[in-house]
Amino acid sequence: MTHQAHAFHMVSPSPWPLTGAVAALSMTSGLAIWFHFRSMTLMTLGLILLLLTMFQWWRDIIREGTFQGHHTPPVQKGLRYGMILFITSEVFFFLGFFWAFYHSSLAPTPELGGCWPPTGIITLDPFEVPLLNTAVLLASGVTVTWAHHSLMEGERKQAIQALTLTILLGFYFTALQAMEYYEAPFTIADGVYGSTFSAGGVSFVVHVIIGSTFLAVCLLRQILHHFTSQHHFGFEAAAWYWHFVDVVWLFLYVSIYWWGS
């Protein structure tokens, strides 16, 4: 930044977009191979490459933003727009699952027995584990907000405690969902109900795991004194993502678990 006449960050050449793309291709191709040929080799290699790419790319961004001073206010503004557009794309991702569910449930075809849920499907009780999961996620939304306000007020210890609690609630939610899917009386192969329920639910759990990882990285950075009350967009982006996850779950619970059953 010493010889730079503007406040924008000219990113140095990086191999991580290329390795990330190769990892994503390997994982998706490996997933198809696993489904058809029961071989997980390519998918595992893609996952390892993806994890290595994530670690090294995040490391570089932390260096640029925290230690090298490249994340000036105009750069942070661009990052905010980027995160907003990313969350918008995620909204449309889940919109596809809701569209498929409502398309099938609002006008059930004769092949489904003319009713919803389809004939022969035993649904989950929305007032048991799903209701507990709703309470867990709503509580995690409160704790992540607590962490954000603590960070803005310079209460470092409180921010660490609240962030730790948020991550624990996220992992607890994931464990409850895994137990629910394991004990569910239907599978993804049980017609349109099983496929829409499982595809939407599993995709959501993957997003919870991503959000928990995002927050875990922020917790580590907070412990290492990377954030200040005025410079903490990394955490702010994670909090935005977590609130988005909370809202999607409310729609998922009301639509698929409660109304759809």
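- Separating the OH atom in Y172 from the CG atom in L168 is a distance of 12.0 Å, to the nearest 0.5 Å.
- In plain terms, the two heavy atoms of Q222 and A159 that are nearest each other are NE2-CB, 3.7 Å.
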* Verdict with supporting geometry, I33 and S39, side-chain contact (heavy atoms from CB on, under 4.5 Å) -> CA-CA 6 Å; I33 291 173; S39 173; 4.1 Å; yes

Please tabulate, one pair per line, all N/O donor-acceptor pairs under 3.5 Å involving side-chain atoms of residues 10-22, not counting sequence neighbours.
{"from": "S14", "atom 1": "OG", "to": "W16", "atom 2": "N", "distance (Å)": "3.2"}
{"from": "W16", "atom 1": "NE1", "to": "D60", "atom 2": "OD2", "distance (Å)": "2.7"}
{"from": "T19", "atom 1": "OG1", "to": "W16", "atom 2": "O", "distance (Å)": "3.1"}
{"from": "T19", "atom 1": "OG1", "to": "T53", "atom 2": "OG1", "distance (Å)": "3.0"}

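- The closest side-chain heavy-atom distance from V248 to H207 is not below 4.5 Å.
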Could you pull out all donor-acceptor pairs under 3.5 Å where a side-chain atom in residues 250-261 meets a protein atom, sequence neighbours excluded?
{"from": "Y253", "atom 1": "OH", "to": "P126", "atom 2": "O", "distance (Å)": "2.7"}
{"from": "S255", "atom 1": "OG", "to": "Y102", "atom 2": "OH", "distance (Å)": "2.6"}
{"from": "S255", "atom 1": "OG", "to": "F251", "atom 2": "O", "distance (Å)": "2.8"}
{"from": "Y257", "atom 1": "OH", "to": "E180", "atom 2": "OE1", "distance (Å)": "2.6"}
{"from": "S261", "atom 1": "OG", "to": "Y257", "atom 2": "O", "distance (Å)": "2.6"}
{"from": "S261", "atom 1": "OG", "to": "W258", "atom 2": "O", "distance (Å)": "3.1"}

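- At least one side-chain heavy atom of L50 sits under 4.5 Å from a side-chain heavy atom of M54.
- Both M40 and L31 sit in one connected hydrophobic cluster of ILVMFWY residues. Membership requires side-chain heavy atoms under 4.5 Å apart, directly or through other members.
- By the 4.5 Å heavy-atom criterion applied to side chains, V75 and H70 are not counted as neighbours.
- Looking only at atom types and distance, the side chain of Q230 has no donor-acceptor partner in the side chain of T228 under 3.5 Å away.
- For residues 152-174, no residue pair satisfies the salt bridge (charged side-chain N to carboxylate O under 4.0 Å, His left out) rule, not counting sequence neighbours.
- H71 and Q76 get closest at one heavy-atom pair: O-NE2, 3.2 Å.
- Residues W57 and L52 do not share a hydrophobic cluster, defined by chaining ILVMFWY side chains whose heavy atoms lie under 4.5 Å apart.
- Side-chain rings of F101 and W116 approach one another, their centers coming within less than 6.0 Å.
- A heavy-atom distance below 4.5 Å is not found between the side chains of V208 and F171.
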* Asked: Stepwise, does the side-chain contact (heavy atoms from CB on, under 4.5 Å) test hold for H243 with T145?
  -> CA-CA 9 Å; H243 288 309; T145 303; 3.2 Å; yes

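- A donor-acceptor pair under 3.5 Å is formed between the side chain of T196 and the backbone N or O of Y193.
- You'll find the ring centres of F94 and W249 outside the 6.0 Å limit.
- Between A147 and L163, the shortest heavy-atom contact is CB-N, 3.9 Å.
- I223 CD1 to I160 CD1: the interatomic distance, rounded to the nearest 0.5 Å, is 5.5 Å.
- Between the T28 side chain and the L25 main chain, a donor and an acceptor come within less than 3.5 Å of each other.
- For the atom pair L137 CG and F173 CZ, the distance stands at 4.5 Å (nearest 0.5 Å).
- At a threshold of 4.5 Å between side-chain heavy atoms, the hydrophobic network of Ile, Leu, Val, Met, Phe, Trp and Tyr places I210 and L220 in two separate groups.
- With a 6.0 Å radius and a threshold of 12 heavy atoms from other residues, nucleotides or ligands, F93 has its CZ atom above the threshold.
- When all heavy atoms of S203 and F97 are compared, the closest pair comes out as OG-CZ, 3.4 Å.
- Counting heavy atoms of neighbouring residues, nucleotides and ligands inside a 6.0 Å radius, atom CG of L106 exceeds 12 of them.
- Hydrophobic clustering (side-chain heavy atoms under 4.5 Å, transitive across Ile, Leu, Val, Met, Phe, Trp, Tyr) groups V245 together with I84.
- The shortest side-chain heavy-atom distance between L124 and V129 does not fall under the 4.5 Å cut-off.
- Taking CZ from R221 and CG from L224, the interatomic distance works out to 9.0 Å, rounded to the nearest 0.5 Å.
- Going from atom OG1 of T143 over to atom CH2 of W242 covers 8.5 Å, rounded to the nearest 0.5 Å.
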* Asked: Checking side-chain contact (heavy atoms from CB on, under 4.5 Å) for the pair F235/V144: CA distance, chi angles, key distance, verdict?
  -> CA-CA 10 Å; F235 171 76; V144 79; 4.2 Å; yes

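- When side chains are defined from C-beta on, F86 counts as touching S89, because their heavy atoms get closer than 4.5 Å.
- Minimum heavy-atom separation, A23 to G46: CB-O, 3.6 Å.
- More than 12 heavy atoms of other residues, nucleotides or ligands sit less than 6.0 Å from atom CZ of F233.
- Surrounding NE2 of H231 are more than 12 heavy atoms belonging to other residues, nucleotides or ligands, all under 6.0 Å away.
- Counting heavy atoms from C-beta outward, T166 and L169 have side chains that stay 4.5 Å or more apart.
- When all heavy atoms of L47 and M27 are compared, the closest pair comes out as N-CG, 3.5 Å.
- For the pair Y181/F197, a side-chain contact is recorded, criterion being any heavy-atom separation below 4.5 Å from C-beta on.
- A single hydrophobic cluster is seen to contain both V91 and M83, as judged by linkage of ILVMFWY side chains at heavy-atom distances under 4.5 Å, directly or through other members.
- Separation of atoms OG1 (T213) and CD1 (I167) is listed at 9.0 Å; rounding is to 0.5 Å.
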